[in-house]
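See below for the structure under consideration.
Every value quoted in this text rests on a predicted model; they were computed, and no experiment measured them. In this chain, residues are counted from 1 in sequence order.
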Amino acid sequence: MNPITKTILALFAAGMSLAVATNARAEDAVSLRLNWLLSGVHSIFYYGVDRGFYGDENIKLTIGEGQGSTRAVQVVATGGDTFGVADGGSIIAAATRGAPVKAVLGIMNTSPYGLSFRADSGVKTIKDVEGKTLAGTAGEASMALLPAIWKGNGVDASKIRMLNVDGPGKLVAILQKRADGILAGLEGQVIILEQRGLDQKVFSFAELGVNTQGLTIVASNDTIASNKDLVARFVRATLKAMEATKADPDAAVAAAVKARPDADKALVKAQLLASLKLVPSPTAPDLPLGEMAPADWARTLDLMKSYQDVATAMPAEGFYTNEFVTK
C-alpha cells in the first residue's frame, strides 16, 4: 500500500471515528419524571423537546408523568430517572432521610400553596378566616404549614373549623358551600374554580409570609458528581425552554397537548400562565432565570424544622446548587 493510500484510509478512519463518537453522544438517553400528571408548568419541557433544545444539547429526553414530588425524588434517588420535578420541601424531607439528591435548577421559586375562599364568604383579610370552615386533605404538604400562617398573621386557629376531605372533595365542598374556603394550589384548584365560574378571594402562602421553595429540577448526587457535563447541558436546554415558553405560552401549550392529546388545552394554558407568575423568587425577584435564592431554601428548612418534624444538621445549602445556572 502506497503512502498516499495509507493517508487517505487514515483520514477516512478518523472521520468515521468522529462520526461514531458524535452519534454516540447524541444518544444520551435522559428521563425526566414529572411531579404529577400533565399540568401547565410541564409545557416547558414538552416545548423544549418540540423546539429541539434538548436535542441541540445531545439529549434524547423522555418525559414521564408522576405521582407527586415525593415519588419523583424517590425514583431519581434510586436511579430510576435521571432528573425529576419536585418542590424544595420534598427534596429536604427526602435528603434528611438519606436520599442522595439535590436541586440543580429553580423552575417556580415562589410557593404555589394558597388559600381560596368563596367571595361571598365574607373573607376579605386573613383575619376574617376566624369563624369559617376550611377544607383540606390529610397529608397534603400545605396543611402542615397552616400553623405558621395562623401564627404569623395573628389568627386564632381554635376559631377555624377544619373539614377533612379527599382531593376532589375539596372542590365539591367549596362549590356546594360546605366549606367557605379550601387549601388550594395557585396553579391548580384556583384555576379550576375560576373555570367553574366561582368568584374567589385568594391568599398565597408567600404573601402571608410563609414562602417555601417551589418546583425545581432534582438530580442524584451521583449524577451531579460523575456527569456534570450532562447536568449542565440539561440545565442549559431547560433554561432555553423556559425563556421560549415565557415568550410564546400558546406554542408551549400546543406542544404539551400534542404530546398529550387528551389534555384540556384551555386548562393547561391557564395553569401555565399562573405558573409563570411563580417563577421569580419573592425574596430575590431579580435573580437570573433558574437561579435559586438562598433565603428561600433557608426559610423552607426553618419552616420544616418548626412545623414538620424535620431534624437535621444539614445547612440549607446542602439541598441545592446554583453551579449549573450561574456558569
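- Taking the side chain as every heavy atom from C-beta outward, T216 and I91 approach each other to under 4.5 Å.
- The residues E130 and R161 are annotated as not salt-bridged, no charged nitrogen and carboxylate oxygen being separated by less than 4.0 angstrom.
- A salt bridge is defined here as a Lys NZ or Arg NE, NH1 or NH2 lying under 4.0 Å from an Asp or Glu carboxylate O, and K132 with D128 fails to meet this definition.
- With a 4.5 Å cut-off on side-chain heavy atoms, F205 and I149 count as touching.
- K170 places no side-chain N or O within donor-acceptor distance of the main-chain N or O of V165, the cut-off being under 3.5 Å.
- Using a 4.5 Å heavy-atom threshold, the side chains of F324 and L105 count as separate.
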Determine whether N211 and S111 satisfy the following criterion, side-chain hydrogen bond (donor to acceptor under 3.5 Å, both in side chains), listing intermediate values before the conclusion. CA-CA 6 Å; N211 185 62; S111 170; 4.7 Å; no
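- With hydrogens and angles ignored, the 3.5 Å screen pairs a side-chain donor or acceptor of S275 with a backbone N or O of Q271.
- With salt bridges taken as basic N to acidic carboxylate O contacts below 4.0 Å, none links E187 and K277.
- Residue E65 forms a salt bridge (charged side-chain N to carboxylate O under 4.0 Å, His left out) with just one option from R260, R33, R71, and that option is R260.
- Between K60 and D28, no side-chain nitrogen of the basic residue sits less than 4.0 Å from a carboxylate oxygen of the acidic one, so the salt-bridge criterion is not met.
- Here the side chain of S204 pairs no donor or acceptor atom with the backbone of G114 at under 3.5 angstrom.
- Here the closest non-hydrogen pair linking L37 and H42 is O-CE1, 3.3 Å.
- Side-chain contact between M143 and T137: absent, with no pair of heavy atoms (C-beta onward) separated by less than 4.5 Å.
- A donor-acceptor distance shorter than 3.5 angstrom exists from the side chain of D264 to the backbone of A266, with no hydrogens or angles considered.
- Residue L171 holds its CG atom at 11.0 Å from CD of Q176, rounded to the nearest 0.5 Å.
- The aromatic rings of F83 and F234 sit parallel to each other, their planes meeting at less than 30°, with 60° as the upper class boundary.
- In this structure, the side chain of N322 does not engage the main chain of V325 through any donor-acceptor pair within 3.5 Å.
- A distance-only check finds no donor-acceptor pair linking the side chain of R178 to the backbone of I174 [under 3.5 Å].
- Contact of the D180 side chain with the L134 side chain is not registered, since no non-hydrogen atoms from C-beta on lie closer than 4.5 Å.
- For the residue pair D87 and S69, a side-chain donor N or O sits within less than 3.5 Å of a side-chain acceptor on the partner.
- Here the side chain of S31 pairs a donor or acceptor atom with the backbone of T82 at under 3.5 angstrom.
- Using cut-offs of 30° and 60° on the angle between ring planes, the pair W297 and F319 is parallel.
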Would D156 and S158 count as a side-chain hydrogen bond (donor to acceptor under 3.5 Å, both in side chains) here? Give the steps. CA-CA 5 Å; D156 186 347; S158 69; 2.6 Å; yes
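- Remark: the backbone N or O of G154 is paired with a side-chain donor or acceptor of K127 at under 3.5 angstrom.
- Within 6.0 Å of NZ on K269 lie no more than 12 heavy atoms contributed by other residues, nucleotides or ligands.
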Run the side-chain donor-acceptor check on residues 303-312: report pairs under 3.5 Å with partners two or more places apart or on a different chain.
residue	atom	partner	partner atom	Å
K305	NZ	T312	O	3.4
S306	OG	D302	O	3.0
T312	OG1	M314	N	3.0

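- Residues K201 and R118 have side chains not in contact (no heavy-atom distance under 4.5 Å, counting atoms from C-beta outward).
- When each of T110, T300, N109 is checked for a side-chain hydrogen bond (donor to acceptor under 3.5 Å, both in side chains) with Q213, only N109 meets the rule.
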